[in-house]
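In what follows, a single structure is set out as structure tokens and then discussed.
We number each residue from 1, following the sequence as shown.
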Amino acid sequence: MTDAIACTYCGSDVRRHDPVFVEELEAGTRVAAGAFCNYACLSSHIDAAGLATGASCEWRPE
């Protein structure tokens with residue numbers, strides 16, 4: 001077995017589940033930003049870290 005890939009949220013080996021890998025842009029280049037067992041761990045990580053607080057899509061009042 002190769003080296004485990006730890007879930008950013010719970011620490012489990014993501015390869016044993018249905019993994020979700022997250023990337024972000026740094027200077028126009030995609031770089032790894034996290035690995036999660038599944039969308040449940042990703043969602044829990046977002047909630048626990050408050051990553052959605054104050055975030056929104058572009059909105060224009062009518």
| Point-to-point distance, once rounded to the nearest 0.5 Å, from CD1 of Ile5 to CZ of Arg16 |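 Result: 13.5 Å between the selected atoms.
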Donor-acceptor pairs are to be reported for all side-chain atoms of residues 22-40 against protein atoms at under 3.5 Å, with residues two or more places apart or in another chain.
{"residue": "Glu23", "atom": "OE1", "partner": "Arg30", "partner atom": "NH1", "Å": "3.4"}
{"residue": "Asn38", "atom": "OD1", "partner": "Ala40", "partner atom": "N", "Å": "3.0"}
{"residue": "Asn38", "atom": "OD1", "partner": "Cys41", "partner atom": "N", "Å": "3.1"}

| field | Summary of salt bridge (Lys or Arg N to Asp or Glu O under 4.0 Å) pairs that have at least one residue in residues 32-59, sequence neighbours excluded | value |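 Pairs touching residues 32-59 that pass the test: Glu58-Arg60.
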| message | Any side-chain to backbone donor/acceptor pair from Arg15 onto Ala6? Under 3.5 Å, distance only. | response | no
| query | Restricting to pairs with a member in residues 9-31, which pass ring-ring contact (aromatic ring centres under 6.0 Å, His included), not counting sequence neighbours? | reply |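 Passing the test, one end in residues 9-31: no pairs.
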